[in-house]
Structures are given as C-alpha cells and as structure tokens.
2 protein chains.
Amino acid sequence: MDRKQEILEAATRSFSLFGYKATTMEQIAKIANVGKGTIYTFFENKEVLFQEIVRGMICEMKQEATNVIQEGVSFQENAHAALMKMLEFRETHQLYAKIVDEEKDWRTPAVKQMLHQTEQAIVTFIKEKIDKCVAKGELRQVNSELVAYLLFKAYLAFINDWNVTHDESLSEVEIANFFQETIFRSLLV
Amino acid sequence: MDRKQEILEAATRSFSLFGYKATTMEQIAKIANVGKGTIYTFFENKEVLFQEIVRGMICEMKQEATNVIQEGVSFQENAHAALMKMLEFRETHQLYAKIVDEEKDWRTPAVKQMLHQTEQAIVTFIKEKIDKCVAKGELRQVNSELVAYLLFKAYLAFINDWNVTHDESLSEVEIANFFQETIFRSLLV
DNA sequence: AGATGACCGAATTGGTTTTCTGGTCATTTC
DNA sequence: GAAATGACCAGAAAACCAATTCGGTCATCT
C-alpha cells in the first residue's frame, strides 16, 4: 500500500490519541511499519506532517457542515445547524478535541497555530454562506467577515463558556431562539 | 494612621505590581510597616485579603462605568460607552491587567475566581442597565441576563481577540457601528 | 534509488536538595 | 492585658543536575 498514506493514517491515529507533543516520530514510524527516516522523505518535519493532517480534518469538518445545509431553508436555520455541527465536531472529533485540550494545557505553538487555522476555517465557511444569502437578497448587505466572526464567537461563548460560570446549561432550543431574536433578526432585510 | 488601611494599601500596591502569586505576606508587612502577624488580625488569610482588594477594584470600575452613563441618551450609546470603559479598565488598571496575565500564565485558582467575579460584575452592570431600559420601554422585553452576556462576550471578542488573528485592528467607530446594526438594532422595540 | 535505524545535540523528564512562604503562637511592647 | 511582633514550622515551590527522550540527519543497506 501507498507508504505516504500509511504514514498519514498512522500519524492521524497517534495525534488523535496522544496529541501533538506526546506523539513521537518513532511511534508513527512503528505504527506505519516504516523506518523513521522514511517519514522524512514524504514530510519535511513533524510540524508539516501535523499541518497536513489538520488540513484533512478541516475538510472533514467542512464536509459535515455542508451536509446539514439545506436548500430553501432560511439563513438562520442553516447557519445555526452548521455552527452547531462544527462546534459539536470541535468536542466530538478525537483530534480536534485533543488539540483544544493541548492548547489549553501546554500552549505548544504548532498546536496554537493549527487551532487558529481551524477556527478561521469555520469563520470563513459562515462568511461564504452569508455572502451567498446577501447576493440572494435574503440578508441585507453587511460586513460578512465581521458578522461571521460575531456568530462564531457568540456561539462559542454560549456553548462552551456559559457553563463555566452558570449552573444549568442552555438547551439548543434556548440558544437558537435567543440568537433568532437578537443577531439573526438584525440581519434580515 | 489606621493599620488596616495601611495594610490594604500596601497589599494593593504589591498585588498590582507583582501579581497575586509573586506577592508575599512578608513583603506586604514590610511595605505597610507592620509585623507579618498583624496582617492576620485584620484578614483571615492571603486569599481573603486579595478578595477584599478585588472587591474594591470592582467598585472603582463600576464607578468609572457609571460616570460615562448619561441620562437622556440611547441605551446603545450608554452600553457602548460603559463596555468600552470597563474593557479599557481591564487593560489599563494595573491590578486588573496583572490578574488577567496571571490567569493566563499560571492559572492560580484564587486569581481565576476573582477574574470570574469581576467579569460577572461587568455582566451584571450591563444587565441592570438593560432592565432599566426595558422598564422605560426603550428596549423590548428580552432575557437581560443573556443579552448582557452576549454583549460582554462580543465586545471582548472584537476588542481583545480580533487582533490575534487579524492584522489591522478595528477602530472604536467601526465597532460601534457594527454593533449598532447587529445586536443593538435587534433590541429596539 | 529508496528505505532504514544508529547516531547526535538539544530539549525534556524525574528525582533530589534547597529555598521560600503562608500561617501560627510564644514572647514582647505599650 | 490587649495588641503587635517575628522566630519558627510544615508544606510548597524553585533550583539543580543526571539520565532519558526526541526530532532530525546521514552513512549504510537492500
């Protein structure tokens, strides 16, 4: 089988299971059944290998988000579904969850960077949906970059941070209703 | 002069200058010109002393925020001014800034707790303004707790986090306009 | 020519010793 | 004799250092 693919899969498994820092190149080599040096014929170094894998993860995430988008449904419903899906992915997907933890606990620079990139991907995904809906005339003309950023940060705050300072967490319906009557309401023409 | 006051002032200076962890009780005693044991006749322990000081800081912050509130001006203008003032306070006030740094760098539990308390104070401040404006009929009936939380998190995101991932920071006017046409717009009756 | 793993210097870890610090309390002070 | 004090203690943190680990290279092997 394709040696590069073997290495990618081995690395994915190891990064997902142990995180970036705790994964060693030798371990990846062992899982992939190749010599350590072989890895370096396909990937410049550990960080580049990691970036490649995160790139793949981002694609996966975007795919899942795309899958919940429906034609002929309001922007709000689609944006809500997509954001919820991606934030669920953030907690569910082994690698993404590991990266989030690692950034909190160790602040590995490579991990921080990949986390930023992933968040940027989410924001960009939403931005594109906004642009499309603005073009269709469903939304008024807004700075889609800023709105996408606001939506991401707001959802993240209510889904991730709310529980830190409050006892009963908010249900998805409560969140959906709240954003409907605040941010989304303000975007309509 | 009042010994308790001397101690409070010495502790405030030391916490502001070196942070919670790096401030020792002996150092406070030395600055206050009292024996170390004397501190413990007024304050149960280091953490309680710290809490007392943060309580004072929160009052100071609320006072500054209150000072920018004007009667007969729209909710949006007042909320914006108050939030900006408090977030400026967060970066400018020696002690608050030190606490924020320390929480990032060392995660001292006592510091984390006080940071939460301070943020909660900001949210509550805004919540009360919302409630007042709802009562006056200037805003429609909303869940003021959620709206206050959203406003705080959103302002924090655009003022603190935006620059981390973007090159040119947003001007205050841009931020004000953006929130006017999104969140604030949705709160009007 | 492509794969490999022994090898290297730098970084990390783990264990040990030393120093520091929050808090107490017997003694001193006024 | 009530309030203040600083020597003192135990546990936590820091400093230190030896031993190990790891990313990356390259001479050798297939």
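Each chain gets a letter, A, B and so on, in the order its sequence line appears, and its residues count up from 1. Note that these values count all heavy atoms, side chains included, but never hydrogens, waters or copies made by symmetry.
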Asks: Take atom CE of A:Met25 and atom C1' of C:dA3, then tell me their distance rounded to the nearest Å.
Replies: 15 Å
Asks: Where each residue is assigned the nucleotide of DNA chain D containing its nearest heavy atom, which of A:Thr23 and B:Val34 is assigned the position nearer the 5′ end?
Replies: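 Its nucleotide being nearer the 5' end, the pick is B:Val34.
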Asks: Taking the cut-offs as 6.0 angstrom to the six-membered ring centre and 45 degrees off its axis, would you call A:Lys127 and A:Phe125 a cation-pi pair?
Replies: no
Asks: Separation of B:Ile39 atom CD1 from D:dT5 atom P, in whole Å?
Replies: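 Those two atoms, CD1 and P, are 10 Å apart.
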Asks: Are OP1 or OP2 of D:dG23 and a side-chain N or O of A:Lys46 less than 4.0 angstrom apart?
Replies: yes
Asks: Counting side-chain heavy atoms from CB outward, which of D:dG23, C:dG23, D:dA4 is closest to A:Lys36?
Replies: D:dG23
Asks: For the pair made of CG in B:Asp2 and C1' in D:dA3, what is the distance, rounded to whole Å?
Replies: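 One finds 14 Å between C1' of D:dA3 and CG of B:Asp2, rounded.
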Asks: Using whole Å, what does the distance between atom C1' of nucleotide D:dC22 and atom CZ of A:Phe18 come to?
Replies: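 Going from CZ in A:Phe18 over to C1' in D:dC22 covers 16 Å.
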Asks: What is the distance, to the nearest angstrom, from the CD atom on B:Glu26 to the P atom on D:dA7?
Replies: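 The distance from CD of B:Glu26 to P of D:dA7 comes to 9 Å, rounded to the nearest Å.
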Asks: Check whether A:His93 reaches the backbone of A:Leu95 with its side chain - one donor and one acceptor, N or O, closer than 3.5 Å.
Replies: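 Checked: pair present.
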Asks: Mind checking B:Lys30 for me? I need base, sugar-phosphate or nothing, with any heavy atom below 4.0 Å counting as a touch.
Replies: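 No contact.
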Asks: Would you kindly give the OH-to-C1' distance between A:Tyr40 and C:dC8, to the nearest whole Å?
Replies: 13 Å
Asks: Report which part of the nucleic acid A:Thr38 touches: base, sugar-phosphate, or nothing (heavy-atom distance under 4.0 Å, all strands).
Replies: base
Asks: Is the terminal nitrogen or CZ of B:Lys46 (NZ for Lys, CZ for Arg) located under 6.0 angstrom from the six-membered ring centre of B:Tyr20 and within 45° of that ring's axis?
Replies: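 Geometry flag: set, cation within 6.0 Å and 45°.
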Asks: Atom OH of A:Tyr20 to atom C1' of D:dG23: distance rounded to whole Å?
Replies: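 It works out to 9 Å between those atoms.
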Asks: Working to the nearest 0.5 Å, report the span between CD of A:Gln27 and CD1 of A:Ile31.
Replies: 5.0 Å
Asks: Residues in salt bridge (Lys or Arg N to Asp or Glu O under 4.0 Å) with A:Glu119, at least two apart?
Replies: A:Arg90
Asks: Which one, D:dC22, C:dT12, C:dG23, comes nearest to the side chain of A:Lys21?
Replies: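 So the side chain of A:Lys21 is nearest to C:dT12.
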Asks: In whole angstrom, give the distance that lies between atom CD of A:Glu44 and atom P of D:dG24.
Replies: 9 Å
Asks: Could you check which of C:dT4, D:dG23, D:dT5 has an atom nearest any side-chain atom of A:Thr24?
Replies: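 Within the option list, the nearest is D:dG23.
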